Amino acid sequence: MSEAVAPSPRNYLIRHWRGEFSLAHSFWINEVLLSLVCLLATSPLYFMLVRNPPSPTGLLMMGVPFMAGALAVTLWQGVGVWRSARHHRQRGGKSRWVTVVRILVIVGAVQTAYSLFDVVPAFKAALRLAMDPSALPSYRISVFNDTELEFNGGIAPGSFSAFEQAVADHPNVTTVQLDSVGGLFGEARAIARLIEDKGLNTYTNRECVSACALVFMSGKQRLLGAEGKLGFHAATLFESGAASAAVVEQYRDALLKHGASKQFVDKVLATGREDMWFPDITELKREHIITATADARDFTDARLAKLREPGQLDAHLHKYFQLKTLAEDVPAQYEVEKAKAQKALDKASTFTAFDKLTREHDTWLIQDALRKAPAPQLLRFWQAQAALVNAVGQGDEQICAFYLSGVYPGGYSAMPDTLLALFTATRDSRRELVKAAAEVTGDVTPTAQARADLNRVFNHAEPGTYDAYRNPTQHAPAEVCKAHQELYRRVLALPNPTRVAEAFRLVPGYTR
């Protein structure tokens with residue numbers, strides 16, 4: 001009795017996997033034709049994602065299963081063709097076709113592996129964002145009038161949808177103001193496509209960097225204000241030094257599209273993620289990144305508009321030390337100062353001008369406090385100031401000069417504990433000085449003794465002390481720092497605390 005022959009499985013997938021189809025069938029139908037069908041079927045999905053970028057969570061939910069499925073199909077195709085090639089030789093087929101097909105299978109496997117590695121950074125970035133949605137700065141879309149709206153903040157998940165809705169709700173908008181540190185490439189690309197499709201102009205008088213520059217370049221007219229800055233660096237994925245080849249190429253195409261030279265593009269792509277390149281206006285014009293410079297007065301001042309919203313003036317004033325001190329410790333006086341600021345804001349035509357007035361008024365407040373504060377608070381402030389200037393001057397004369405000019409140096413929080421303690425003591429004594437001065441009504445007239453003491457201090461000081469004190473910008477930092485150290489030392493050496501305080505009362509406005 002002969003053995004029964006097991007019938008071949010009828011399942012098409014298994015038959016290909018076992019290599020039972022002819023080599024021509026396996027390669028041309030199951031490999032080539034199926035790949036083309038899959039490509040055509042997924043192309044609409046790609047264009048949909050380009051115009052409607054998914055959230056990081058959505059990208060993971062769609063992308064990971066899709067890539068797993070693509071890998072499974074590729075593996076099924078490759079194994080089946082490889083086995084069919086082996087059977088082809090057993091069936092008496094020509095060896096050269098076996099070799100050619102196997103080479104093509106290997107090439108396809110390498111391409112698939114490269115594609116998978118190319119998207120891994122994107123999935124990692126999406127995972128980080130999905131786990132921490134607040135990692136990117138929030139965005140804000142403001143409509144100023146019928147023709148202008150502003151995009152402010154990070155280009156974060158959902159920013160395209162919000163922008164698209166704002167444009168749909170205001171069909172007469174012609175100009176998009178930009179003030180952004182950048183963000184997600186996919187969201188930026190979708191916003192840029194919409195701006196280009198609508199023929200909108202782009203304008204910035206602030207800072208538009210990274211992915212924001214991609215949005216800026218999509219404008220029909222690309223306008224740069226006097227305070228505007230465009231920053232470029234290589235296309236990378238969120239919180240990663242890596243970028244997919246597709247992202248890099250799309251970024252390159254966007255730069256080249258508007259006429260940027262290959263040299264300009266190469267420099268952009270060579271600029272690291274931690275760096276930022278800010279080309280000057282001449283180069284931006286030559287490379288067609290901007291079409292023209294613009295007068296900020298021809299546009300709504302976005303920062304000024306924001307300041308006029310409820311609660312925003314307080315937030316702005318609290319950035320200044322004296323005004324913040326009054327708000328926290330002398331609210332009645334703060335309301336007086338706020339009323340003055342509100343009048344100035346109502347008349348202001350630009351944020352820059354208003355901010356300059358606010359800064360000057362805050363400086364006037366400390367000068368006024370130094371003129372009329374009670375002697376105990378005045379003396380404590382100057383003692384703290386002298387101790388700080390002496391300590392800072394011994395370490396870094398440039399930082400000493402910066403401090404004396406009213407600009408705190410960078411790295412304040414990273415200073416040694418000894419200096420940090422002195423900075424804290426000076427800040428606290430200044431706060432007490434401002435509080436105490438706010439309670440004083442009327443002016444305090446310096447005494448004749450105080451003027452005589454201060455005249456004597458400068459007459460006996462090292463040569464050049466007075467001039468370096470009065471004209472700091474005309475002297476080297478070391479000379480300015482030394483002049484203040486000399487002045488403080490001699491005033492603090494006066495016979496009693498009352499005379500010391502009264503002499504210091506004259507210091508801010510003293511002239512010979």
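Numbers here simply count residues along the sequence, with the first being 1. From a predicted model like this one, the values you see are computed outputs, not experimental measurements. What's counted below: heavy atoms across the whole structure, side chains too, no hydrogens, waters or symmetry copies.
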Requested in this report: Just do the side chain to side chain contact (heavy atoms under 4.5 Å, CB included) check on T175 and T147 with the steps written out, would you?
Outcome: CA-CA 6 Å; T175 301; T147 61; 5.9 Å; no
**Report entry** Check against ring pair (Phe, Tyr, Trp, His ring centres under 6.0 Å), Y334 and H318
**Finding:** CA-CA 10 Å; Y334 172 73; H318 288 186; 5.5 Å; yes
Requested in this report: Take R140 and F151 through the side chain to side chain contact (heavy atoms under 4.5 Å, CB included) test and state the conclusion after the steps.
Outcome: CA-CA 6 Å; R140 169 190 171 100; F151 185 98; over 6 Å; no
Query raised in the report: For H233 and W277, what are the C-alpha separation, side-chain angles and deciding distance, and is it a side chain to side chain contact (heavy atoms under 4.5 Å, CB included)?
Result: CA-CA 6 Å; H233 64 68; W277 175 39; over 6 Å; no
Requested in this report: Go through K340 and E337 one step at a time and tell me if the salt bridge (Lys or Arg N to Asp or Glu O under 4.0 Å) criterion holds.
Outcome: CA-CA 5 Å; K340 296 176 184 176; E337 304 302 334; 3.7 Å; yes
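Proximity of V500 to W382: side-chain heavy atoms (C-beta onward) are nowhere separated by under 4.5 Å. Contact annotation: the side chain of F504 approaches that of L492 to within less than 4.5 Å [non-hydrogen atoms, C-beta and beyond]. Within the 4.5 Å cutoff, the side chain of W364 has no heavy atoms near those of the Q322 side chain. Considering only heavy atoms from C-beta on, V392 comes within 4.5 Å of F423 through its side chain. A heavy-atom distance below 4.5 Å is found between the side chains of V434 and I366. No side-chain heavy atom of L223 sits less than 4.5 Å from a side-chain heavy atom of I290.
For the pair R303 and E227, the salt-bridge criterion is met [side-chain N within less than 4.0 Å of a carboxylate O]. For E328 and R431, the salt-bridge test passes: some basic side-chain N is under 4.0 Å from an acidic carboxylate O. A salt bridge between E502 and R505 is present, with a side-chain N of the basic residue lying under 4.0 Å from a carboxylate O of the acidic one. Here D266 pairs with R252 in a salt bridge; the nearest charged N to carboxylate O distance falls below 4.0 Å. The pair D362-R359 fails the salt-bridge criterion, with no side-chain N (NZ, NE, NH1 or NH2) lying under 4.0 Å from an Asp/Glu carboxylate O.
In this structure, the separation between CG on L214 and OG on S180 is 11.0 Å, given to the nearest 0.5 Å. In this structure, CD in Q385 is found 8.0 Å from OG in S429, a value given to the nearest 0.5 Å. Between the CD atom of Q177 and the OG1 atom of T202 there is a distance of 11.0 Å, given to the nearest 0.5 Å. Note: L230 CG to I289 CD1 = 8.0 Å, rounded to the nearest 0.5 Å. Note that the CD atom of E479 and the CD atom of Q474 stand 11.0 Å from one another [nearest 0.5 Å]. The structure places CG of L388 at 13.5 Å from CD of Q383, a figure rounded to the nearest 0.5 Å.
The residue from V173, D197, L149, I141 that alone fulfils the side-chain contact (heavy atoms from CB on, under 4.5 Å) condition with V167 is L149. A salt bridge (Lys or Arg N to Asp or Glu O under 4.0 Å) with D314 holds for exactly one of K319, K324, K338; it is K338.
A donor and an acceptor atom, one from each side chain of N390 and Q394, are nowhere located under 3.5 Å apart. Judged by distance alone, the side chains of D298 and Y203 never bring a donor and an acceptor atom under 3.5 Å apart. A side-chain donor from one of E287 and S261 sits under 3.5 Å from a side-chain acceptor of the other. Side-chain atoms of D179 and N152 form a donor-acceptor pair, as typed in the model, at a separation below 3.5 Å. Side-chain polar atoms of D355 and Y320 form a donor-acceptor pair below 3.5 angstrom. When only modelled atom types and interatomic distance are considered, S218 and E196 share no side-chain donor-acceptor pair under 3.5 Å.
Distance alone, capped at 3.5 Å, is enough to place a donor-acceptor pair between the T204 side chain and the R206 backbone. The main-chain N or O of A226 is found under 3.5 Å from a side-chain atom of N205 such that the two form a donor-acceptor pair. Side chain of R222 to main chain of T291: no donor-acceptor pair is present (N/O by atom type, distance under 3.5 Å, no hydrogens or angles). A donor-acceptor pair is defined here as one N or O able to donate and one able to accept, closer than 3.5 Å; no such pair exists between the side chain of S210 and the backbone of C212. Between the E150 side chain and the S142 main chain, no donor and acceptor come within less than 3.5 Å of each other.
Within 6.0 Å of atom NZ in K356, 12 or fewer heavy atoms from other residues, nucleotides or ligands are found, so the atom counts as exposed in its surroundings. By the 6.0 Å contact criterion, NZ on K435 is enclosed, its count of non-hydrogen atoms from other residues, nucleotides or ligands being greater than 12.
Ring pair F354/H316: centre-to-centre distance below 6.0 Å. Between Y469 and Y510, the distance separating the two ring centers is not shorter than 6.0 angstrom. Ring pair F144/H170: centre-to-centre distance not below 6.0 Å.
Stacking of R430 on the aromatic ring of F381 is not recorded, the 6.0 Å distance cut-off and the 45° axial limit not both being met.
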